[in-house]
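This report concerns only the one structure given below.
Letters go in sequence order (proteins before strands), and every chain restarts at 1. Hydrogens, waters and symmetry mates play no part in the numbers below; they use all other heavy atoms, side chains included. The model shown is predicted, which means the values in this text are computed figures rather than measured ones.
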There are 2 protein chains.
Amino acid sequence: MKFTTKSEYGLKATMDLAENFGRGPRTIRSIAENQGIPENYLEQLLSTLRRAGLVKSIRGAQGGYMLAGSPKEITIGEIIRTLEGSVAPKNCVDDENPEVCERAESCVTRMVWERLKDSINEVLDSITLYDLCEEAKKMCSANSFMYYI
Amino acid sequence: MKFTTKSEYGLKATMDLAENFGRGPRTIRSIAENQGIPENYLEQLLSTLRRAGLVKSIRGAQGGYMLAGSPKEITIGEIIRTLEGSVAPKNCVDDENPEVCERAESCVTRMVWERLKDSINEVLDSITLYDLCEEAKKMCSANSFMYYI
DNA sequence: GAAAAGCCTAGAAAATTACTTGGGATTTGT
DNA sequence: ACAAATCCCAAGTAATTTTCTAGGCTTTTC
């Protein structure tokens, strides 16, 4: 029951974009270096997010990536579902490409996966990039407070 | 973000034991056939559940597996955590063998994984094998109702 | 027109999951 | 005492998925 690095990298990258929101495009390279993500792999993830309409890109020199909307409008649920495909813990409850189960027995356990999926989505959809940025700021100031005493 | 077949097989197997609770041991073979699970693989899973104290076994002819306690006492959280190792969506929030992250940045996303983990555990710990058995009965009678009309 | 970017596809490498094999060890019934 | 039924265990293989790399193409700026 693990999220893959796609979620982790995707969150880090979009957080990076959120922190630089309104300041022009950021290149894949700078995000990758800043966040410690393999450049070509990140490229694929950002491409996926772009196709989903969560970020937008500017091609050519001086180009790069930006959030498609304000950090307050983008939930991490959108980001993670886009990158992972779905948060369904089992394919039989995957909304996109559901996999029908043959045994009646499965239907009871299926209820479990359904409830889990809902609960995961609820958590993820309740957090925006803005929320995370605020948390990051708090943490940062808490840290420097500790540091200078 | 998928659960592996371990969870699925483990739930099906323990549901099978729960439905037969109090009626003596069930063999691996009969569970495997009944639930459509590869026999030798199921053996490994039941072994893991036994070591965790969730089921108990009787060796030798006429032996088999039984639940270690009543279906009302066993939550599916215990079963799934035992088989999957943990429901932590990322290793950095795995209680058993936590993986320390180096970057301060990660700590914000870490909060996300932490909340998810709690939410997943909450759902799984709120459902007992007994609950699932009741649901199964309900479904079964609903189905036969449909069938005979 | 050269450099700096994003765009795209295919595939290699690594990791994990799912399953298989085969040889024990225990218990029961004859 | 022995055969059959059953659990126990460890190692190995196959399949799948994830992660990353390579390389060529397109667009934009200077």
Query raised in the report: What pairs with Glu73(A) under side-chain hydrogen bond (donor to acceptor under 3.5 Å, both in side chains), at least two apart in sequence or on another chain?
Result: none

Query raised in the report: By salt bridge (charged side-chain N to carboxylate O under 4.0 Å, His left out), which residues pair with Glu84(A), not counting sequence neighbours?
Result: none

Report summary line: Across all chains, not counting sequence neighbours, the salt bridge (charged side-chain N to carboxylate O under 4.0 Å, His left out) partners of Glu39(B) are Arg29(B)

**Report entry** Whole-Å gap separating P (dT16(D)) and CG (Asn91(A))
**Finding:** 13 Å

Query raised in the report: OP1, OP2 of dC7(C) versus side-chain N and O of Ser57(A): anything below 4.0 Å?
Result: yes

Query raised in the report: Nearest-Å distance, CG (Asn40(B)) to P (dG12(D))?
Result: 17 Å

Please list, for nucleotides 17-19 of chain C, all pairs of protein and nucleotide N/O atoms separated by less than 3.5 Å.
residue: dA18(C); atom: OP1; partner: Thr5(B); partner atom: N; Å: 3.0
residue: dA18(C); atom: OP1; partner: Thr5(B); partner atom: OG1; Å: 3.2
residue: dA18(C); atom: OP2; partner: Thr4(B); partner atom: OG1; Å: 3.4
residue: dA18(C); atom: OP2; partner: Thr5(B); partner atom: N; Å: 3.4
residue: dA18(C); atom: OP2; partner: Thr5(B); partner atom: OG1; Å: 3.2
residue: dA18(C); atom: O5'; partner: Thr5(B); partner atom: OG1; Å: 3.4
residue: dC19(C); atom: OP2; partner: Tyr9(B); partner atom: OH; Å: 3.0

**Report entry** With Asp125(B) via salt bridge (charged side-chain N to carboxylate O under 4.0 Å, His left out) - residues at least two apart
**Finding:** Arg81(B)

Requested in this report: Round to the nearest Å and state the distance from Ile28(A) atom CD1 to dT21(D) atom C1'.
Outcome: 14 Å

Query - Charged N-O contact under 4.0 Å between Glu134(A) and Lys138(A) - result: no

Report summary line: From CG of Leu45(A) across to P of dT9(C) the rounded distance in Å is 16 Å

Query raised in the report: Side-chain N or O of Arg50(A) less than 4.0 angstrom from OP1 or OP2 on dC8(C)?
Result: yes

Query - Integer-rounded Å distance: dA5(D) P and Arg26(B) CZ - result: 18 Å

**Report entry** Side chain Glu43(A) and base dC8(C) donor-acceptor under 3.5 Å
**Finding:** yes

Query raised in the report: Considering residues at least two apart in sequence or located in another chain, which fulfil the side-chain hydrogen bond (donor to acceptor under 3.5 Å, both in side chains) criterion with Asn20(A)?
Result: Asp16(A), Arg23(A)

**Report entry** Length of the CG-C1' vector between Leu49(B) and dC8(D), whole Å
**Finding:** 15 Å

**Report entry** Non-hydrogen side-chain atoms of Leu46(B) and Ile31(B) separated by less than 4.5 Å
**Finding:** yes

Report summary line: Winner on side-chain proximity to Ser47(B), out of dT21(C), dC9(D), dC7(C), is dC9(D)

So which protein nitrogen or oxygen atoms get under 3.5 Å of nucleotides 26-30 of chain C's nitrogens or oxygens?
residue: dT27(C); atom: O2; partner: Ala61(B); partner atom: N; Å: 3.2

Query raised in the report: How many Å lie between CG on Leu46(B) and P on dC7(D), as a whole number?
Result: 9 Å

Report task. Not counting sequence neighbours, which residues clear salt bridge (charged side-chain N to carboxylate O under 4.0 Å, His left out) with Lys6(B)? List them please. Result -> none

Report summary line: Joining Ile, Leu, Val, Met, Phe, Trp and Tyr whenever any side-chain heavy atoms lie under 4.5 Å apart, the cluster holding Ile58(B) also takes in Met66(B)

Report task. Measure the distance from CD on Glu39(B) to P on dC9(D) and round it to the nearest whole Å. Result -> 17 Å

